[in-house]
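We use all heavy atoms of the structure for the numbers below, so side chains are in, but hydrogens, waters and symmetry mates are not. Note that the numbering runs from 1 along the sequence shown for the chain.
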Amino acid sequence: MLHIVACIKQVPDTKIIKMNPKTNTMDRSSAPAILNPYDAHAVEEAVRLKQRYGGTVSVLTMGPPPAVKAIRKCIEIGADEGYMITDRAFAGADTLATSYALTKALEKIAREKPIDLIICGKMTIDGDTGQVGPGIARRLDMPPLTSVKKVVEINKEQGYAIVHRKLEDGYEVIQSTLPCLFSVEKEINEVPYSPLPNMLRAARYQPVIWSVNDLEDVDRSLLGLKGSPTIVAKVWPPEKPKGGEKLQGSAREQVNRLMEILAEKKELFRAKEGRA
């Protein structure tokens, strides 16, 4: 029987979010909060492994009280238990401080029930760093298997896992000892619509909530802003591409104009090569 823990995060929907033109920062109030899409695939894979091998799926998140909604979404997907750490001491954490806080919560969970496997999404859509999963693995001294696109086998009795790890030109097959940590790609599975019983359970579900005082052996200097050496000096949206030219006239006229444009581009490219 496996105990799998999926680390998740509630994030703003980046398809809707806007930038504050005065501060050059993301206006998080402009978009609804959602479960990080990569993490949804992590939870779905954990549930599939539970169904395949038996066991329990727990989810863990760090965030403000409204992040409970993300845990409930994971219960809808099929997770069994949810844990959240929330405290002002965690505010302003970068990936280093976040991995430290989550590690302390994972250690507390493991004391109650040993953990065989940790699954994270490849990255979060509000940060795109992909650093928290490997950071947790490093702190817990377990192998990190990144960019996992397929889980071939989990063998708890013999203590190993076999996965396919995505590469630019294919994939590689990796065998790792257990416990270990996966960070998974979106293509690892499809997240289906949640069945009604799961939705009903999620609506009533209350996760276990811990403050910093509930965790053990915590060095507070490694939490929040104090424990975050990363500084984001400025954030800005990419420039919008300029509109193209709409070709008009007869077919011959349009072809002639297109040839002129291509000739101009060719000369511009040659000029740049000459300067190089």
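Looking at Arg48 and Glu44, a side-chain N of the basic residue comes within less than 4.0 Å of a carboxylate O on the acidic one, giving a salt bridge.
Under the side-chain contact (heavy atoms from CB on, under 4.5 Å) criterion, Glu107 pairs with Thr103, Lys104, Arg111, Leu140, sequence neighbours left out. Every residue was checked against the salt bridge (charged side-chain N to carboxylate O under 4.0 Å, His left out) condition with Glu112, not counting sequence neighbours, and none meets it. With sequence neighbours excluded, no residue forms a salt bridge (charged side-chain N to carboxylate O under 4.0 Å, His left out) with Lys108. For Arg201, there are no salt bridge (charged side-chain N to carboxylate O under 4.0 Å, His left out) partners at least two apart in sequence or on another chain. Legend: residues meeting salt bridge (charged side-chain N to carboxylate O under 4.0 Å, His left out) with Glu190, ordered by chain and number and at least two apart, are absent. Applying the side-chain contact (heavy atoms from CB on, under 4.5 Å) rule to Leu196 yields the partners Leu200; only residues at least two apart in sequence or on another chain are considered.
The aromatic rings of Trp210 and Tyr83 are tilted relative to each other, their planes meeting at an angle between 30° and 60°.
Glu185 pairs with exactly one of Lys149, Arg165, Lys122 by the salt bridge (charged side-chain N to carboxylate O under 4.0 Å, His left out) rule, that one being Lys122. Under the side chain to side chain contact (heavy atoms under 4.5 Å, CB included) test applied with Val132, the options Thr124, Asp94, Thr95 reduce to a single match, Thr95. Under the side chain to side chain contact (heavy atoms under 4.5 Å, CB included) test applied with Ile119, the options Ile8, Val59, Leu49 reduce to a single match, Leu49.
Side-chain contact annotation: Glu81 with Tyr205, donor-acceptor N/O pair under 3.5 Å present.
Residues Ile4 and Val184 share a hydrophobic cluster, clusters being chains of Ile/Leu/Val/Met/Phe/Trp/Tyr side chains in contact below 4.5 Å. In the hydrophobic clustering of ILVMFWY residues, with side-chain heavy atoms under 4.5 Å counting as a link, Leu215 and Tyr100 come out together.
Around CG of Asp141, the count of heavy atoms belonging to other residues, nucleotides or ligands within 6.0 Å does not exceed 12.
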